[in-house]
2 protein chains.
Amino acid sequence: VDKDYKNIKIIGFDADDTLWINETYFYEAKVSIMGLLSHYASPAKIDQELVRMELQNLSTYGYGIKGFILSMVEMAITVSKSRVSNKIIDKIIQIGKQMHHQPIELLENVERVLTLLSKKYKLILATKGDLLDQQRKLKKSGLRHYFQHIEILSDKKEENYKQLLEHLNLNPQHFLMIGNSLKSDVLPPTQINAQAIHIPFPITWNHEKVKEPKKSDKKYKTLTNLEATLELLI
Amino acid sequence: VDKDYKNIKIIGFDADDTLWINETYFYEAKVSIMGLLSHYASPAKIDQELVRMELQNLSTYGYGIKGFILSMVEMAITVSKSRVSNKIIDKIIQIGKQMHHQPIELLENVERVLTLLSKKYKLILATKGDLLDQQRKLKKSGLRHYFQHIEILSDKKEENYKQLLEHLNLNPQHFLMIGNSLKSDVLPPTQINAQAIHIPFPITWNHEKVKEPKKSDKKYKTLTNLEATLELLI
């Protein structure tokens, strides 16, 4: 075990884009909707308007598919200057319904990594988003039994991690978080003196984008895939 | 203390329409939307179509405002035979946003009842719905400190109550649930040998409507308001 991790007792995993593909489905939905609205605006204009709408609505809707689709409908009305057809609005809503029922596609080697780590550490899942949707994805993933605790959070800020560790009755120095989002999975845990490993996913949602800290201030490791954690942790 | 409740150690409270007003806001939103669509269909027709749409979408969207609004937009397209204007669709979406930011209106004597019961019992909150929205309402309510545990569930069936009691490490005979929904707060707990008290709210969402059991099979008490629990429990 790498010396940085010798105190670790509990490992927290993010779910979306850490254990299974998620952002890809949002990206594909966005591309489909850009196609539906191509008569009214360019993809760049649609993307810009959507980002604006999502950020504006985030504190109201929170994370998840339903808020995304409501923002999509609002954006369609705006970019079309209130001329988008009922047919297209209905298609956007149906794309949202399909997103809820996407199959779960695990990332590479997830089961092998969880099997090996669960022999040595207590594993928990800490994910944010829509309660029903996250529960449904976890069930479909077949990964439930690896985790001794599941926490579905409405957000993943320092405060949320503090509460989680209190609930687990755990000193931060015994906790390691692994995830794809610098903003949600990596920076907040390191700010409360827990450890974190960053495993970037090829697509990052706009709202999750933050600047990497300067090298000298960096308090976490970045790995290219989940399997690489084994070398450090086992 | 009434002899039925002498073993009770933990009391679970439902939140929406038990501690504060909720269904009224959905009802008012529905009435506004009926007004917006009066050109296309009668209130009765709209109501019928909405109930159909909500039930059809429930397993996809779950409970909460966002799913309700998405069903409303879909219903508007259907009842108008795809002729509803962008302006009306946008108004429906804005009604949904306002619903997220409604003030919290506590039901009568809630604080007094919680104060007295919390001196004698451990109180927990067990509510279903949207994670962010329920957390926001609880914060606004100012009631957070009465509860030693908060559980936001995606559904309230026997299975969910079993898991909750396991999590609390509690024998069902020591648990009493208090709520306004026969279907979600009262019947499931009694089916797993916990106790329940039913306090009906004047409006019940269609999906929550179930038949009362025959008098001889009835395993719970029905009270007209929260204050009446004090006589039985203190």
Side-chain angles (χ1 to χ4, degrees), chain A residues 40 53 56-101 127-136 138-139 149-155 160 163 167, chain B residues 40 53 56-101 127-136 138-139 149-155 160 163 167:
Chain A
Y40 302 110
M53 209 65 95
Q56 184 188 299
N57 292 338
L58 192 62
S59 67
T60 301
Y61 294 150
Y63 302 97
I65 300 168
K66 286 172 287 188
F68 170 74
I69 292 297
L70 284 167
S71 289
M72 282 279 180
V73 173
E74 210 177 345
M75 174 277 289
I77 292 173
T78 306
V79 300
S80 72
K81 301 199 170 67
S82 300
R83 286 174 303 154
V84 62
S85 69
N86 278 208
K87 202 175 155 188
I88 288 176
I89 289 175
D90 192 58
K91 276 191 182 163
I92 294 173
I93 290 174
Q94 302 310 321
I95 286 172
K97 287 195 198 176
Q98 280 163 31
M99 288 175 79
H100 282 95
H101 300 290
T127 174
K128 81 179 169 194
D130 185 80
L131 192 59
L132 178 65
D133 197 41
Q134 292 294 340
Q135 286 176 343
R136 183 159 41 204
L138 180 58
K139 198 173 172 184
H149 179 75
I150 310 289
E151 193 79 27
I152 301 172
L153 303 154
S154 62
D155 212 337
N160 306 94
Q163 281 168 14
H167 180 80
Chain B
Y40 301 110
M53 209 63 96
Q56 183 189 299
N57 292 339
L58 192 62
S59 68
T60 300
Y61 294 150
Y63 302 97
I65 298 169
K66 286 173 285 188
F68 169 73
I69 292 295
L70 284 166
S71 289
M72 280 281 179
V73 172
E74 210 178 345
M75 174 277 289
I77 292 173
T78 307
V79 300
S80 72
K81 301 199 169 66
S82 298
R83 287 174 302 153
V84 63
S85 69
N86 277 209
K87 200 175 157 190
I88 288 175
I89 290 175
D90 191 58
K91 275 191 183 163
I92 294 173
I93 291 174
Q94 303 310 323
I95 287 172
K97 287 193 197 176
Q98 280 163 29
M99 288 174 79
H100 282 95
H101 299 291
T127 172
K128 79 180 171 195
D130 185 79
L131 192 57
L132 178 64
D133 196 41
Q134 292 294 341
Q135 286 176 344
R136 183 160 38 204
L138 180 58
K139 199 172 171 185
H149 179 77
I150 309 291
E151 192 80 26
I152 300 172
L153 305 154
S154 62
D155 213 339
N160 306 93
Q163 281 169 13
H167 180 78

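First the proteins, then the strands, lettered A, B, ... as listed; each starts at 1.
Looking at A:Arg136, its side chain does come within 3.5 Å of a backbone N or O of B:Thr60 through a donor-acceptor pair.
Counting only heavy atoms from C-beta outward, the side chains of A:Ile89 and B:Asn86 approach each other to under 4.5 Å.
Atoms CG and CD, on B:Leu153 and A:Gln135 in that order, are 8.0 Å from each other to the nearest 0.5 Å. The distance from atom CG of A:Asp133 to atom CG of B:Leu131, rounded to the nearest 0.5 Å, is 12.5 Å.
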Output a table of donor-acceptor pairs, distance under 3.5 Å, between side-chain atoms of residues 62-76 of chain A and any protein atom two or more places apart or on a different chain; print 'none' if there are none.
residue, atom, partner, partner atom, Å
A:Tyr63, OH, A:Asp155, OD1, 3.4
A:Tyr63, OH, A:His207, NE2, 3.4
A:Lys66, NZ, A:Asp130, OD1, 3.2
A:Lys66, NZ, B:Tyr61, O, 2.5
A:Ser71, OG, A:Asn57, ND2, 3.0
A:Ser71, OG, A:Gly67, O, 3.2
A:Glu74, OE1, A:Asn57, ND2, 3.1
A:Glu74, OE1, B:Lys97, NZ, 3.0
A:Glu74, OE2, B:Gln94, NE2, 3.1
A:Glu74, OE2, B:Lys97, NZ, 2.8

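Neither the backbone nor the side chain of B:Thr78 has a heavy atom closer than 4.5 Å to any heavy atom of chain A.
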